[in-house]
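A, B, ... follow the sequence lines: proteins, then strands. Residue 1 opens every chain.
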There are 2 protein chains.
Amino acid sequence: MTENDPSRRQQILDAALKVFSHKGFASATIKDIAKEAGLKSPALIYWYFPNKQELLVSILMELVPILQQVATSPQTLMEQPPEETLMMLAQSFMKVFGTPLGGQMLRIFLSDIGHAPELEERVAGVQKMMLTFFSAYLQRQIDLGRLRPCDTQSAARIFIGSLLAYVMSSEVFHWLREGLADPQIYARQAVETFLEGMRVRSDE
Amino acid sequence: MTENDPSRRQQILDAALKVFSHKGFASATIKDIAKEAGLKSPALIYWYFPNKQELLVSILMELVPILQQVATSPQTLMEQPPEETLMMLAQSFMKVFGTPLGGQMLRIFLSDIGHAPELEERVAGVQKMMLTFFSAYLQRQIDLGRLRPCDTQSAARIFIGSLLAYVMSSEVFHWLREGLADPQIYARQAVETFLEGMRVRSDE
DNA sequence: TCCTCTTGATTGAACGTTCAATCAAGAGTA
DNA sequence: TACTCTTGATTGAACGTTCAATCAAGAGGA
């Protein structure tokens, strides 16, 4: 049993997260990370991690539970009416990706997931599952007559996309932050717009 | 043989686009690009370009006219009712970013714009301008009583985001392509949903 | 037709640097 | 002593870039 100091390990991971999100995986050097972590020698990193890629993998590993956290207790959400479920979903989304941590994660994910192929598969699986779940939920609500019939695959992406735009504006295209509303306000408006847009039309 | 290629420059750029979009700027090597372009020596690239970064800059330079192409004749669009303008906008967006070229561009932009700081500024300017224009348009339509009052900055991002989700699904998270609707169909649904969601509410 | 000179394009070899990874030697502790 | 952690020095490979040499093709005389 090798008893690696867990705090030192985390310290290195925190530094790596920061450096990766700023320079990208390929441009970030072990030296950069060591300096950011306040280590006197880059060699120490190799006591806790076998190589540079494992740093990336360890960071992105946390993305799976984070993503799943967005869809808390899907069973419960599945039964609620759209007003409740969509708002819950939007708020989870904002809570997770609205933080600096979430933003850094997203940036690393967008830029460097290709450098961790085995994780790409995992995360892809989670994403697909979530989208499928959400589509199924929308279909259910349509069947119940609570939403108007349409292609649920598209509808799911439209809703998620409207939320994604907020995170992209605040964390990726940081020059679009100007004039950006509060995450809560934005989430409410996104939900409201989508919900109204999906209402069954009594007229015509 | 050796038909005095004046298109050699473009041939190199095409190869660079492909390699950059696949491996990212930092991980792509001059050798990779030379091989992709069918050159016998990487040195030849330096006859046409001063350095590796200039390849990236030359590629991303094309992004400015491409982006502006999305907002064709803003004056005309500005005057039309939402049904027309939003549909035009959505279709331009899809036309530009729905192609493989647009997808590759987007991926390079997302991953590697940081490696071309002088361009980041340019593109940021264009993006901001487009968002501002669109917000102003929405405000105008609200004032005209054609859309319900709301925060137009958020509304603009919500609409663009719903379109962005399509491109992200098809070109970035390629594992989400499955079940993806036709771009035309998707655009129509996105516009319809947003439009209905922004309608003035006569009831209540 | 033959020869010379010029120009743009192309090549393989090499240079200097960077970087991930390794190593051997310790420091601190139990 | 034995084990965990830490360090500066070192290694070997890969990379961007440079460079002298070469090639192919044309221009202009004689």
A/Ser41 side chain, from C-beta outward: closest of D/dT6, C/dA21, D/dG8: D/dG8
Calculate the interatomic distance between B/Arg9 atom CZ and C/dA9 atom C1'; express it in whole Å. 16 Å
Is the phosphate of C/dA20 approached by A/Lys52 (side-chain N or O, under 4.0 Å from OP1 or OP2)? yes
Decide yes or no on side chain to side chain donor-acceptor pair (under 3.5 Å) for B/His115 and A/Ser27, but give the supporting numbers first. CA-CA 10 Å; B/His115 289 108; A/Ser27 295; 3.1 Å; yes
Regarding A/Ser170 and A/Arg177, is there a side-chain donor-to-acceptor distance under 3.5 Å anywhere? no
Please determine if a side-chain N or O atom of A/Arg8 lies less than 4.0 Å away from the OP1 or OP2 oxygen of D/dT4. no
d(CG, A/Leu44; P, D/dT7) in whole Å: 6 Å
I want to verify a distance call: between C/dG12, C/dT10, D/dC5, whose nearest atom is closest to the B/Trp47 side chain? C/dT10
Please give, in whole Å, the distance from C/dA20 P to A/Phe49 CZ? 15 Å
In whole Å, what is the span from the CD1 atom of A/Ile45 to the P atom of C/dA20? 9 Å
Write down the distance between OH (B/Tyr46) and P (D/dA20), rounded to a whole number of angstrom. 17 Å
Side chain to side chain donor-acceptor pair (under 3.5 Å) partners for A/Asp151, two or more places apart: A/Ser154
Among residues 13-22 of chain B, which residues get a heavy atom nearer than 4.0 Å to DNA chain D? none
Under a 3.5 Å limit for both distances, which nucleotide forms a Watson-Crick or G-U wobble pair with C/dT22, could you say? D/dA9
Using a 4.0 Å heavy-atom cut-off across all strands, classify B/Ala28 as base, sugar-phosphate, or nothing. sugar-phosphate
If you draw a 6.0 Å radius around CZ in A/Arg122, do more than 12 non-hydrogen atoms from other residues or ligands fall strictly inside? no
Tell me yes or no: between the side chains of B/Glu178 and A/Gln153, is some donor less than 3.5 Å from an acceptor? no
B/Gln11 side chain to B/Arg8 side chain, donor-acceptor N/O pair below 3.5 angstrom: yes
Side chain of A/Thr29 (C-beta onward), nearest among C/dA20, C/dA21, C/dT10: C/dA20
Pairing partner of C/dT17 (Watson-Crick or G-U wobble, both distances under 3.5 Å): D/dA14
Check the distance between D/dG16's P and B/Leu56's CG and give it to me in whole angstrom. 13 Å
Give A/Ile30 one of three labels, base, sugar-phosphate or nothing, depending on what nucleic acid heavy atoms sit under 4.0 Å from its own. sugar-phosphate
B/Tyr48 atom OH is separated from C/dG8 atom C1', nearest whole Å, by 8 Å
Given atom NZ of A/Lys31 and atom C1' of C/dT18, what is their separation to the nearest angstrom? 9 Å
Would you call the rings of B/Tyr137 and B/Phe134 parallel, tilted or perpendicular, taking 30° and 60° as the class edges? parallel
